[in-house]
Amino acid sequence: MTDTIDAIFDAVAETAAEVRGVLGERRSYAEGHNPTGDRQLAADVYADELLEQRLLDIPAVGSYASEERDAVAEDSGSYHVASDPLDGSSNLKSNNGMGTIIGVYDEPLPAAGEALQAAAYVLYGPTTTMVTAVDETVTEYLLEDDERSVLQEDITVPADPTVYGFGGRAPDWPDDFSTFVKEIEERRLKLRYSGAMVGDVNQILTYGGLFGYPMLADQPEGKLRLLFEGHPIAAIVSAAGGASTDGTQSLLTKEATELHERTPVFVGNESLIDDLESALDGQ
Ligand code: AHG
Ligand code: MN
Ligand code: MN
C-alpha cells in the first residue's frame with residue numbers, strides 16, 4: 001500500500017469518529033438538495049465538509065468530489081478522491097445503519113473504473129468498522145478510541161450465498177428482473193434490505209449473496225451513483241472474490257463521463273452476478 005493510500009484511510013477513519021459523534025444532533029434537514037436531487041441533512045453536509053478538509057490536507061490528494069457537491073474541489077496532487085460522505089442518511093431518522101464510501105483514483109474525476117486504486121467504506125452500526133480494498137486485498141478494521149485495529153484480513157465473499165436485497169419498488173422493476181428475483185427466493189436466499197447500501201453490502205461480505213439497486217420503469221439508470229457508490233463498492237466486492245454488474249457489464253469496466261452519473265448496481269457472489277446477467281440478456 002502506498003503511504004498516500006494509507007494516509008487517506010487514516011483520514012477517513014479519523015473523520016468517521018467525528019461524524020459518528022455528531023450524528024445524534026444533526027438529524028435535521030439542511031437548506032438545500034444535493035446534485036442528484038436528494039434533500040440534504042445537516043449530517044450529510046457536515047461529513048462532506050470534514051472529509052474535504054481532511055483529504056485535501058494530504059499532499060498527494062489533488063481533488064475531492066462528492067455526492068453532496070456540484071463541482072470537484074481542486075488542489076494539487078496525483079490522487080483524486082470520490083466520496084459518498086453519508087450513505088443511507090435517511091436511516092438517521094429511524095436510527096438504522098449508515099456508512100461513508102470512498103474511492104481513490106489516479107485520474108481526475110469523472111474517471112473510468114480502471115483508474116480506481118483503492119476503496120473503502122465505514123459502517124456506522126452497533127460498532128464502527130471500516131472495510132478497505134487495495135492491491136486486491138480486503139481488510140476489516142474496528143474504529144474505536146481513535147484507533148484503527150484489524151478485525152479480519154483477506155476477507156472473501158462466502159461461497160454459499162445466504163442473503164439478498166434489492167432497492168426500488170417491485171412494481172417498477174423490469175419483468176425479467178422480477179422473474180429473476182422469484183428464482184432467488186426459490187433458492188431460499190433470505191431478504192435483507194436496510195436502506196443503506198453499506199450495511200447491505202457488509203452483509204454480502206459476511207454471509208454471501210446479492211445486493212442491488214436495479215433499473216426502474218421511470219429511471220432506467222436506477223438510483224445509485226457510479227463514482228460515489230458503484231465503483232468503490234464494486235472494487236471492494238470484486239477484491240473479495242465477488243463480482244459486480246450494471247446488468248450487462250462489470251461496474252469496474254464503466255467510465256463515468258459525468259460526476260453525478262447514475263447506474264444500476266449489483267454486487268455479490270460471482271455465480272449470482274452471472275445468473276443475473278443471463279436473466280437480463282433479453283433487455
Ligand atoms: P444516500 O443516502 O447516499 O443517498 O444513499 C441511499 C442509497 C443506498 O444507501 C440505499 O441502498 C438506497 O439508496 C436506498 O434507497 P431506497 O430508500 O429507495 O430503497
Ligand atoms: Mn449513498
Ligand atoms: Mn449520501
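Order of listing sets the numbers, starting from 1, for every ligand and every atom in it.
In terms of protein heavy atoms, atom 18 (O) of ligand 1 is closest to Y213 OH, 2.9 Å. Distance from atom 1 (P) of ligand 1 to its nearest protein heavy atom, with residue and atom name: G88 N, 3.6 Å. The protein heavy-atom contact nearest to atom 19 (O) of ligand 1 is Y193 OH, 2.6 Å. In this structure, the protein non-hydrogen atom closest to atom 10 (C) of ligand 1 is G195 O, 3.5 Å. Summary of contacts: the protein heavy atom closest to atom 7 (C) of ligand 1 is L224 CD2, 3.6 Å. What sits closest to atom 17 (O) of ligand 1 on the protein, heavy atoms only, is K223 NZ, 4.0 Å.
Taking 4.0 Å as the cut-off, N91 does not count as a neighbour of ligand 1 on heavy-atom distance. Taking a 4.0 Å cut-off on heavy atoms, F228 fails to register as neighbouring ligand 1. Ligand 1 is approached by L86 to a heavy-atom distance shorter than 4.0 Å. Look at E229 and you'll find a heavy atom under 4.0 Å from some atom of ligand 1. Residue contacts with ligand 1 include S89, since one of its heavy atoms falls under 4.0 Å from the ligand. A heavy-atom separation below 4.0 Å is not found between R39 and ligand 1.
Between the side chain of D87 and the backbone N or O of M197 there is at least one donor-acceptor pair closer than 3.5 Å. Checking side-chain atoms of E261 against main-chain N and O of T257 turns up a donor-acceptor pair under 3.5 Å. No side-chain donor-acceptor contact under 3.5 Å links N269 to the backbone of L272. In this structure a side-chain-to-backbone donor-acceptor pair under 3.5 Å is missing from T156 to G241.
Which parts of ligand 1 touch E67 is read off a 4.0 Å heavy-atom cut-off, strictly below it: atoms 1 (P), 3 (O), 4 (O). Atoms of ligand 1 found under 4.0 Å from any heavy atom of A196, numbered from 1 in the order shown, are 9 (O). The contact set between ligand 1 and D38, taken as ligand atoms under 4.0 Å from a residue heavy atom, comprises 4 (O).
When non-hydrogen atoms are compared, ligand 1 lies under 4.0 Å from neither the backbone nor the side chain of F166. Of all the heavy atoms of R225, the ones lying under 4.0 Å from any atom of ligand 1 belong exclusively to the side chain. At a 4.0 Å heavy-atom cut-off, ligand 1 does not touch D200 at all. When non-hydrogen atoms are compared, ligand 1 lies under 4.0 Å from neither the backbone nor the side chain of V198. Residue contacts with ligand 1 for D87 involve both N, CA, C or O and side-chain atoms from C-beta outward (heavy atoms, distance under 4.0 Å).
Between I236 and Y121 there is a side-chain heavy-atom pair separated by less than 4.5 Å. Between F266 and P214, some side-chain heavy-atom pair lies under the 4.5 Å cut-off. At least one side-chain heavy atom of V19 sits less than 4.5 Å from a side-chain heavy atom of Y124. Proximity of V122 to V12: side-chain heavy atoms (C-beta onward) are separated by under 4.5 Å at one or more points.
Within the protein, the N, O or S atoms sitting under 2.8 Å from the Mn ion (ligand 3) are E67 OE2, D84 OD1, L86 O.
Ring-centre distance between F177 and F166: below the 6.0 Å cut-off. Under the 6.0 Å cut-off for aromatic ring centres, Y64 and H80 do not qualify, their centroids lying 6.0 Å or more apart.
Dense packing is recorded around OH of Y193, with more than 12 heavy atoms of other residues, nucleotides or ligands lying under 6.0 Å away. By the 6.0 Å contact criterion, CZ on R187 is enclosed, its count of non-hydrogen atoms from other residues, nucleotides or ligands being greater than 12.
L55 and Y141 fall within a single hydrophobic cluster, where Ile, Leu, Val, Met, Phe, Trp and Tyr side chains are chained together by heavy-atom contacts under 4.5 Å. Under a hydrophobic-cluster definition in which Ile, Leu, Val, Met, Phe, Trp and Tyr are linked whenever side-chain heavy atoms come within less than 4.5 Å, directly or via other members, V157 and L123 are assigned to the same cluster.
Salt bridge present: R225 and D38 bring a charged side-chain N and a carboxylate O closer than 4.0 Å. Classification of R148 and E14 as a salt-bridged pair fails, no side-chain N sitting under 4.0 Å from a carboxylate O.
Checked against the Mn ion (ligand 2), the N, O or S atom of E229 at the shortest distance is OE2.
Between M197 and ligand 1, an N or O atom pair is found at a separation short of 3.5 Å.
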